[in-house]
Amino acid sequence: MKHNFRKIEGKWQQKWEEAGIFHAVDGSDKPKFYGLVEFPYPSGAGMHVGHIKAYSSLEVISRKRRMEGYNVLFPIGFDAFGLPTENYAIKTGTHPRKITDNNIAKFTDQLKKVGFSFDWDRVVDTTDEDYYKWTQWIFLKMFEHGLVFRSKALVNYCPSCKVVLSNEDSQGGKCDICHSDVIQKSKDVWYLKITEYADKLLAGLDDVDYPVNVKQQQVNWIGKSTGAFVNFTLDGIDEKLEIYTTRPDTLFGVTFMVIAPEHPLIDKYADRIANMDAVKNYRTECAKKTEFERTQLVKDKTGVKLEGIEAVNPVNGKKIPVFIADYVMMGYGTGAIMAVPAHDQRDYDFAKAFGVEIIEVIKGGDISVEAYAGDGEMVNSDFLNGYDNKKDSIARMIEELEKMGIGHAGVQFKMKDWAFNRQRYWGEPIPIVHCDHCGVVPVPYEELPLRLPNVENFEPGEEGESPLAKIESFVNCTCPKCGAPARRETDTMPQWAGSSWYFLRYIDPKNDDMFAALDKVKYWMPVDWYNGGMEHVTRHVIYSRFWHHFLYDLGLVNTPEPYAKRSIQGLILGPDGDKMSKSKGNVVDPLDIVDDFGADTLRTYIMFMGDYSAATPWNDNAVKGCKRFLERVSGFTDMISEDAETKKLETPFHKTIKKVSSDIEDMKFNTAIAALMTLTNDIYNLGKVSNEQVQIFAKLLYPFAPHLCEEIWEVTGGTGFLSDNSWPVYDEAKTVDAQTEIGVQINGKLRGTVVIPTGAEKEEVFAIAKADEKIASLVEGKTFVKEIYVPNRVVNFVVK
RNA sequence: GCAGGAGUGGCGGAAUGGCAGACGCAUCAGACUCAAAAUCUGACGAGGGUGACCUUGUGUGGGUUCAAGUCCCAUCUCCUGCACCA
């Protein structure tokens, strides 16, 4: 038959939809499989080829699982709150609701055209009030459990988007949305205490199947370090100056202290600081620097000495100077450090620049040249003298600090609490009321959802106030606690709120009483396999793990970890090898490929391009190659013959079933398709194939090219849909040929090949190899030192 | 600087320590055609030889092994993430 994709693709998509074959069944007796892909942000541009690649892996696996008898949940939805929509709304004067609805309709249509087997009955939309009601509900639960707090603090702020950003949203000192330089601004910020879950998020990684680099990145992001907190004192003032250090063993080498320019101690003792003008100037300069600039000047240490203030080293009573310098961050540890120039390079650079004393306490380096961070014998260190490794001396020092009551062991995390409010319209309203009498009051659960007011003007204020602040009818309310007039919180939640729990809503998308019923959660969770992008590893994945751990602690879900397994897809690059971008004009529109070559070709090509997890450039010619392959497969129906010759294909078929089955599980989609191409070549070489063999082939190719395979299945007399039929099984005995060609090496160099009966005994194989004319002539007159045989692979004769 | 990963034909990429380059693309030659496209057949790492074949070859330099793209040591390059984190 001809491969008329225009005719068959629409036909099968309609049939699948009418028959509802991709609907998951709650509580079925079959084993369950929950395959999850990251739901898209429905942008106006429509789908990108990257979306297709991201969904194709679990699409293939889900289709295979259904044939293997699983009850499959493979859902899709839309993560639709966010700035691009809001900005577009401001630009065009169209309401974000309308833009979102249009974009969702477009994405839905496109996803269906590609033939994804999503369960369209469970679609979620994070901007739907029946959905965000539960986002707000979980937020209130966190509030109730003390995981939400408000504080005025220096935060990452994007001057272009006019919003506060979390640490995760401003990686590399750039705004995640518009890539402008992020500045530090003092703002009222709502935080979620993700740091309270830092240890659980770290430990949980032991129980899940994530790629090593993903785990490593999360470990780095959480950034746990162990060390000690030590209280220094200020000379002549009854004030403690607490520092955090990972090297308490070097305490005798402390020659100065450094505090962050924003440290509160400076203002507290401003009257004692003789050079306050210089200090103020330095602080102003630091505030002007972007995070990026601050990290660029790694080499040049700057700072100002606090004249009139001296610290006292608690272990030896020595008076030491105190500096402010921007190499110490207010946001990490206590915002103050003890400086040990002899054994820390940053302190060393600073000491050299400011002429501070350097005292060696660990032997082994040359401190006239650089700081020494290695192990060695302790010197100049009182009771630590003679210790010769970090581990012992740290333990001994902490013991002493605790005994003296001036310090204790402690841990620190690089991860910071999650800045959770945005001064924007298109997000979930934060369900909090500010009352003059009662302070911060949560909106009662029964009043949820707290709806976004329908307004015309979405512009944020110049100083970064939320657009909601201008809407009197929204802002003015009564206090839920005392009934007095009060004001609503006008900030909204960040983009990542709705996606932190969406996989739970798929389980029970229409439930009005709960985000998802526990019995259904128990049936479906955890997600068996979650595929997505590397860019979400230190954002969405870590946020959603946090929320899920919290819900687990409340007993509302059955597992602490939401995702049993995580995989990552690589980028699709433009044909020129660069990242696809509108400005470079190298973007490939997947719908163009569907129109020109068909959805099956697009899907097959994307899975065949290369290693699934690697970045691979697009190649238009190779797309045509996949089209050609599918056309050859279509041709099988014209080659069907029921004669005995087709028995010759038995071994190739069993081999292919084996390889395709295992390659799909290993996400080696490219070699699975290559194996099917090889089998296709075998069939063409023979020129005939049995009806049953064509049907097996259709089943194997079905996850990749489902429309064509359903058509072949129908034409060859198959009953029902392929998803209702079983995945082919192979017979191990039939995966081997009767004869095998093996290589024959002499002294490790390939000198020829011989054909042996598969599985032949060693001695027989040696005999066959030695009988080979060419081999015989090459070994003539030599002595055999060693004879090696690797079964069905190679023979190696070592001769002299 | 720290962590993780990768270097294989013209290209995308295959190879449980056992015949390097599967499969696809591109290219070249041939068939079909008035011609082109499509399709089919064949060749296709490099160097040499009329030829069967020979030599060489997986970033670079060493090593282990009967045998190394694969393991070990060193080194270079590239990608990804984090980064003055005390």
Side-chain angles (χ1 to χ4, degrees), chain A residues 171-173 211-221 223-225 227 243-247 250 258 260 294-302 325-329 331-340 344-347 349-350 412-416 534-535 537-538 568 570-571 573 575 577 604-605 608-611 613-626 628-629 631-632 635 668 670-681 684 741-754 774 785-799:
Chain A
Q171 299 183 22
V212 276
N213 54 337
V214 171
K215 278 195 186 183
Q216 196 58 47
Q217 240 185 71
Q218 292 212 347
V219 168
N220 284 347
W221 187 256
K224 183 175 183 169
S225 82
I243 59 97
Y244 173 74
T245 178
T246 55
R247 295 296 304 274
T250 61
V258 185
R294 221 166 136 163
T295 55
Q296 279 304 290
L297 305 164
V298 176
K299 284 276 170 270
D300 309 322
K301 291 283 178 291
T302 62
D326 65 358
Y327 83 92
V328 174
M329 307 289 150
Y332 184 79
T334 62
I337 62 157
M338 61 177 215
V340 186
D344 180 290
Q345 193 58 40
R346 291 154 304 174
D347 297 345
D349 294 340
F350 191 90
Q412 272 298 298
F413 296 95
K414 285 187 201 173
M415 187 165 69
K416 292 173 189 166
M534 203 63 200
E535 70 277 16
V537 169
T538 52
I568 300 287
L571 286 179
L573 306 172
T604 304
Y605 170 64
F608 181 63
M609 302 177 73
D611 182 343
S613 63
T616 312
W618 185 268
N619 180 338
D620 279 319
N621 278 317
V623 176
K624 290 178 197 158
C626 287
R628 207 172 293 153
F629 163 59
E631 277 162 3
R632 277 161 70 81
K668 290 162 76 175
N670 55 337
T671 51
I673 293 169
L676 288 165
M677 288 173 168
T678 305
L679 181 58
T680 300
N681 293 341
Y684 270 82
E741 191 186 66
I742 63 165
V744 181
Q745 299 179 337
I746 294 170
N747 293 335
K749 284 202 172 174
L750 184 72
R751 293 299 170 184
T753 56
V754 293
K774 190 180 161 201
V785 180
K786 207 169 181 181
E787 300 178 5
I788 293 143
Y789 174 51
V790 183
N792 302 321
R793 290 279 190 174
V794 75
V795 164
N796 188 14
F797 294 129
V798 183
V799 296

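Worth knowing before you read on, the calculation uses all heavy atoms, side chains too, and leaves out hydrogens, waters and symmetry mates. Below, read A as the first sequence line, B as the second, and so on, with proteins coming before strands; counting in each chain starts at 1. Keep in mind it's a predicted model, so treat the numbers as computed, not measured.
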For this session: Identify the two heavy atoms, one from A:T680 and one from A:L676, that lie closest to each other, and give their separation to 0.1 Å.
Result: OG1-O, 2.7 Å
For this session: Tell me what A:E741 touches on the nucleic acid: a base, only sugar-phosphate, or nothing, going by heavy atoms under 4.0 Å.
Result: base
Problem set entry | Phosphate OP1/OP2 of B:rA22 contacted by A:N681 side-chain N/O (<4.0 Å) | no
Exercise. Is the base of B:rG9 syn or anti, where syn means the angle lies within 90° of 0?
Worked result: syn
For this session: Quick one: label A:G625 by what it contacts on the DNA or RNA (base, sugar-phosphate, nothing), any heavy atom closer than 4.0 Å.
Result: sugar-phosphate
Exercise. Looking for any heavy atom pair under 4.0 Å, which part of the strands does A:Q217 touch: base, sugar-phosphate only, or nothing?
Worked result: sugar-phosphate
Problem set entry | Nearest-Å distance for atom pair CZ/C1', residues A:F797 and B:rC66 | 12 Å
Exercise. Within this structure, what is the CD-to-P distance between A:E631 and B:rA37, rounded to whole angstrom?
Worked result: 17 Å
Exercise. So, for A:P617 and A:M609, which heavy atoms are closest and what is the spacing to 0.1 Å?
Worked result: O-CE, 3.5 Å
Exercise. Any luck finding a side-chain donor-acceptor pair between A:Q217 and A:N213 under 3.5 Å?
Worked result: no
Exercise. For B:rA14, does OP1 or OP2 lie under 4.0 Å from any side-chain N or O of A:N670?
Worked result: yes
Problem set entry | Selection from B:rC19, B:rG4, B:rC23 that lies nearest to any side-chain heavy atom of A:Q216 | B:rG4
For this session: Between B:rA46 and B:rG10, how far apart are the P atoms? Round to whole Å, please.
Result: 7 Å
Exercise. OP1 or OP2 of B:rC25 less than 4.0 angstrom from a side-chain nitrogen or oxygen of A:R628, does that happen here?
Worked result: yes
Exercise. Taking OP1 and OP2 of B:rG13, is either one under 4.0 Å from a side-chain nitrogen or oxygen of A:T671?
Worked result: no
Exercise. Any donor and acceptor pair, going by atom type alone, linking the side chain of A:N792 with main-chain N or O of A:I742 inside 3.5 Å?
Worked result: no
For this session: Give a yes/no answer on whether the side chain of A:R751 brings an N or O atom under 4.0 Å of OP1 or OP2 in B:rC19.
Result: no
Problem set entry | Rounded distance in Å between the C1' positions of B:rC25 and B:rC79 | 24 Å
Exercise. Now, which nucleotide makes the Watson-Crick or G-U wobble pair with B:rC2, with each of the two distances under 3.5 Å?
Worked result: B:rG81
Seminar exercise, completed: Quick note, A:V328 side chain, CB onward, closest among B:rC66, B:rA15, B:rA86 is B:rA86
Problem set entry | Integer-rounded Å distance: B:rG81 P and A:I568 CD1 | 13 Å
Problem set entry | A:L750, nearest nucleotide to its side chain (from B:rA20, B:rC25, B:rA86) | B:rA20
Exercise. Atom NZ of A:K749 to atom C1' of B:rC19: distance rounded to whole Å?
Worked result: 15 Å
For this session: Indicate, with a heavy-atom threshold strictly under 4.0 Å, whether A:T616 touches base, sugar-phosphate, or nothing.
Result: sugar-phosphate
Problem set entry | B:rA14 versus B:rA20 - spacing of their C1' atoms, nearest Å | 10 Å
Exercise. What is the minimum heavy-atom distance between A:F797 and A:E787, and which atoms define it?
Worked result: CD2-CG, 3.7 Å
For this session: Determine the Euclidean distance between corresponding C1' atoms of B:rC44 and B:rG30; express it in Å to zero decimal places.
Result: 15 Å
Exercise. In whole angstroms, how far is the C1' atom of B:rA67 from the CD1 atom of A:I788?
Worked result: 7 Å
Exercise. When all nucleic acid strands are considered with a 4.0 Å heavy-atom cut-off, which category describes A:V798: base, sugar-phosphate, or nothing?
Worked result: sugar-phosphate
Exercise. Across all strands, who's sitting opposite B:rC66 as a Watson-Crick or G-U wobble pair, both distances under 3.5 Å?
Worked result: B:rG18
Problem set entry | No-H, no-angle donor-acceptor pair, A:K301 side chain to B:rC84 base, under 3.5 Å | yes
Problem set entry | Closest heavy-atom pair and its distance - A:D326, A:T302 | OD1-OG1, 3.7 Å
For this session: Write down the partner of B:rA52 under the Watson-Crick or G-U wobble criteria, each distance required to be under 3.5 Å.
Result: none
Exercise. What does B:rU60 pair with, Watson-Crick or G-U, if both distances are under 3.5 Å?
Worked result: B:rA74
Seminar exercise, completed: So CG of A:D347 and CE of A:M338: to nearest 0.5 Å the spacing works out to 8.5 Å
Exercise. So does A:N621 get a side-chain nitrogen or oxygen closer than 4.0 Å to the phosphate oxygens (OP1/OP2) of B:rA26?
Worked result: yes
For this session: Can you tell me, in whole Å, how much space there is between the P of B:rG63 and that of B:rU70?
Result: 14 Å
Exercise. OP1 or OP2 of B:rA86 less than 4.0 angstrom from a side-chain nitrogen or oxygen of A:Y332, does that happen here?
Worked result: yes
Exercise. Among B:rC25, B:rC19, B:rG4, which nucleotide sits nearest the side chain of A:N213?
Worked result: B:rG4
Exercise. Distance between the C1' atoms of B:rG9 and B:rG5, in whole angstroms?
Worked result: 24 Å
Exercise. Over how many whole Å does the gap from A:R793 atom CZ to B:rG17 atom P extend?
Worked result: 10 Å
Problem set entry | Given RNA chain B, 5'-ward residue of the pair A:Q412 and A:M677, judged by closest heavy atom | A:M677
Problem set entry | Distance-only donor-acceptor test, A:N796 side-chain atoms vs B:rC66 base atoms, 3.5 Å | yes
Exercise. Does any non-hydrogen side-chain atom of A:W618 lie less than 4.5 Å from one of A:Y605?
Worked result: yes
Problem set entry | Rounded distance in Å - NZ (A:K624) to P (B:rU39) | 11 Å
Seminar exercise, completed: The Watson-Crick or G-U wobble partner of B:rG24, with both key distances under 3.5 Å, is B:rC11
Seminar exercise, completed: When rounded to whole Å, the NZ to P distance for the pair A:K414 and B:rC2 reads 13 Å
Exercise. Quick one: is A:K668 getting a side-chain N or O under 4.0 Å of the B:rA22 phosphate, OP1 or OP2?
Worked result: no
Exercise. What is the nucleic acid contact for A:D611, judged by heavy atoms within less than 4.0 Å: base, sugar-phosphate only, or nothing?
Worked result: sugar-phosphate
Exercise. What interatomic distance, in whole Å, is found between P of B:rA15 and the corresponding atom of B:rA22?
Worked result: 12 Å
Seminar exercise, completed: Comparing nearest nucleotides in RNA chain B, the 5'-proximal residue of the pair A:A615, A:V795 is A:A615
For this session: Please report the shortest heavy-atom distance between A:Y332 and A:F413, naming the atom on each side.
Result: CE1-O, 3.5 Å
Exercise. For B:rA29, which nucleotide is its Watson-Crick or G-U wobble mate, given both distances must be under 3.5 Å?
Worked result: B:rU41
Problem set entry | Distance between P atoms of B:rA38 and B:rU27 (Å, rounded) | 10 Å
